[in-house]
Protein chains: 2
Amino acid sequence: MSAPRLNNWQAVQDEVLRRIHAREWPPGALIPNEADLAVEFGCSRATVNRALRALADSGLLDRRRKAGTRVAAQPVAKATLDIAVIRHEVEGRGQAYGYQRLSRAEAVPPAAVSGAMGTASDRPLLHIRALHLADGRPYAVEDRWINTGVVPLARAEGFETVSANEWLLEHAPYTHGDIAFSAVMLGAEDAGTLDVAPAEAAFAIDRLTRDGPAAVTKVRLLFPPGYQLRTTL
Amino acid sequence: MSAPRLNNWQAVQDEVLRRIHAREWPPGALIPNEADLAVEFGCSRATVNRALRALADSGLLDRRRKAGTRVAAQPVAKATLDIAVIRHEVEGRGQAYGYQRLSRAEAVPPAAVSGAMGTASDRPLLHIRALHLADGRPYAVEDRWINTGVVPLARAEGFETVSANEWLLEHAPYTHGDIAFSAVMLGAEDAGTLDVAPAEAAFAIDRLTRDGPAAVTKVRLLFPPGYQLRTTL
DNA sequence: CAGTGGTCTAGACCACGCC
DNA sequence: GCGTGGTCTAGACCACTGC
């Protein structure tokens, strides 16, 4: 039997994965170059390139010009998290989404916030606190600062029925963002809002969104105990 | 002035990003098809395709055959987390990595573990507990169950100096994995191991690794308060 | 220097899915 | 049906980098 022609990049990728998995190409090994594989698989080099590039993107291969392509010795797993609008996250679970604004004020933020956002320490920002609900139960508390210098339109919005989460996506373009996940102990106020005992462990997502050099908004989302952020490898 | 020729896919991507950001192509808008853009940009359709496909992968565009390409109304941010070997994570911070095995035993796991791994409820698995250190201080506690039915070689390994984390990458192939992130309150034992007060909030990473249908290993990593998992958008 | 991956081109065929 | 994106091909040039 001769090898079947692999004439699409997914078939090539599958075959490469099979060889890695079967240890025909063990971790750290140098694999044939694109041109040779193209001949072996009976396809064009571009097709091989597409397949290998996808595997390199996912961390399974290390590719370097001249040095060639190696099976990653210790693959860095790339877990992709889909950070969706909270309403979609809740509705995606088949639950009814609810939203409740807790407070809205223009105020000078704590130094930690103005520092992270790069705004003057005495500059007032728009401060929104809100509760997201799933099937009527608290799902997450949102504590957000909005840079009104970058998004002046926000001063005219009450955020009583539209969450800042969604409003900003529609009205404020951004170019970059930082996200950090951590575990924190709930303070009395947040615990009360989430309707759980104080000093419980909460899952926190901190996001800072930028438009070029300027910070657009900084938000902390706190999820009650039991919340899990899931993904696959 | 006429538009400069965009003869590489990154330049095309940048121009498309610029138009989205400048609201020339607002959220939800249908953008020209690949062939038209190729003419406008003075490059081949394949180059346009590469640029648009990359943007679609990152969630900024929605592409459907016949329906065309639209700017995503509410971009689902794809945050990519690099889940590296813990030693690399520590060394990447410029700290000295240390490893300490706490215990090793073959034992019948709790029902929750055998259930998640799909092993018989009375089947003994290899149970490893270990501590990862950064600059001599506790960095994370690892609590792992290994399916010796799938990785029999593990029974011959003491894991006294090599962490299961790294040993398994070298010796046990896998095809899929699930990861969950959550916040938990530390029990007395784990708190003691991490040298923090009990009932503190810890960041937990639970990972289940499979090779086809069979579970290879299930691990929980607990990080002391202050730990943050970071990424960018 | 020379081998490798990175990319572009021009053209082609195809699969999907609105209409 | 037919317009759209998805993909393949054969060939080419180039950038990087190990030797």
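Per chain, numbering begins at 1; letters A, B, ... match sequence-line order. Source: prediction; values computed, not measured.
In this structure, the CG atom of B:Leu37 is 18 Å from the P atom of D:dG3, given to the nearest Å. Look at CD on A:Glu34: it is 10 Å from P on C:dT7, rounded to the nearest Å. Remark: P of C:dG5 and CG of A:Leu55 are 14 Å apart, rounded to the nearest angstrom. For B:Asn49 and D:dC8, the CG to C1' distance is 12 Å, given to the nearest whole Å. Here D:dT4 presents its P atom at 12 Å from CD1 of B:Ile31, a figure rounded to the nearest Å. Following rounding to the nearest Å, B:Leu30 (CG) and C:dC18 (P) show an atom-to-atom distance of 13 Å. Note: CZ (B:Phe41) to P (C:dC8) measures 13 Å, nearest angstrom. In this structure, B:Arg63 places its CZ atom 10 Å from P of D:dT7, rounding to the nearest Å.
Checked by distance alone, A:Arg50 brings no side-chain donor or acceptor within 3.5 Å of a matching partner on the base of D:dG6. Below the 3.5 angstrom threshold, one finds a donor paired with an acceptor across the side chain of B:Arg45 and the base of D:dG6.
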Let's go through B:Arg93 and B:Gln95 carefully: what are the C-alpha distance in whole Å and the side-chain angles of both, what is the deciding distance for side-chain hydrogen bond (donor to acceptor under 3.5 Å, both in side chains) to 0.1 Å, and is it a yes or a no?
CA-CA 5 Å; B:Arg93 301 178 170 217; B:Gln95 299 181 297; 4.6 Å; no

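Within the 4.0 Å cut-off from OP1 or OP2 of C:dT9, at least one side-chain nitrogen or oxygen of B:Thr47 is found. In this structure, A:Arg65 does not reach the D:dG18 phosphate: none of its side-chain N or O atoms is under 4.0 Å from OP1 or OP2. At C:dT7, none of the side-chain N or O atoms of B:Asn8 fall inside 4.0 Å of OP1 or OP2 (strictly under the cut-off). Listed pair A:Arg5 / D:dT9 meets the phosphate criterion, a side-chain N or O lying under 4.0 Å from OP1 or OP2. Between A:Asn33 and C:dT4, a side-chain N or O to OP1/OP2 separation shorter than 4.0 Å is present. Between B:Arg64 and C:dC18, a side-chain N or O to OP1/OP2 separation shorter than 4.0 Å is present. Taking 4.0 angstrom as the limit, A:Asn7 places none of its side-chain polar atoms (N or O) nearer than this to OP1 or OP2 of D:dC8.
Taking the six-membered ring for Trp and the full ring otherwise, the centers of B:Tyr139 and B:Phe223 sit less than 6.0 Å from each other.
Comment: A:Glu34 does not engage A:Arg65 in a salt bridge, judged by the lack of any side-chain N to carboxylate O separation of less than 4.0 angstrom. Taking a cutoff of 4.0 Å between a charged side-chain nitrogen and a carboxylate oxygen, A:Arg220 and A:Glu142 do not qualify as a salt bridge.
Both A:Ser44 and A:Lys66 lie close to DNA chain D; mapped to their nearest nucleotides by heavy-atom distance, the more 5′-ward contact belongs to A:Ser44.
Side-chain contact check for B:His132 and B:Tyr99: no donor-acceptor pair (N or O, by modelled atom type) lies under 3.5 Å.
Across all strands, B:Ala67 comes closer than 4.0 Å to no nucleic acid atom at all (heavy-atom distances).
You'll find that the side chain of A:Thr69 is closest to C:dG5, out of D:dT7, C:dG5, D:dT9.
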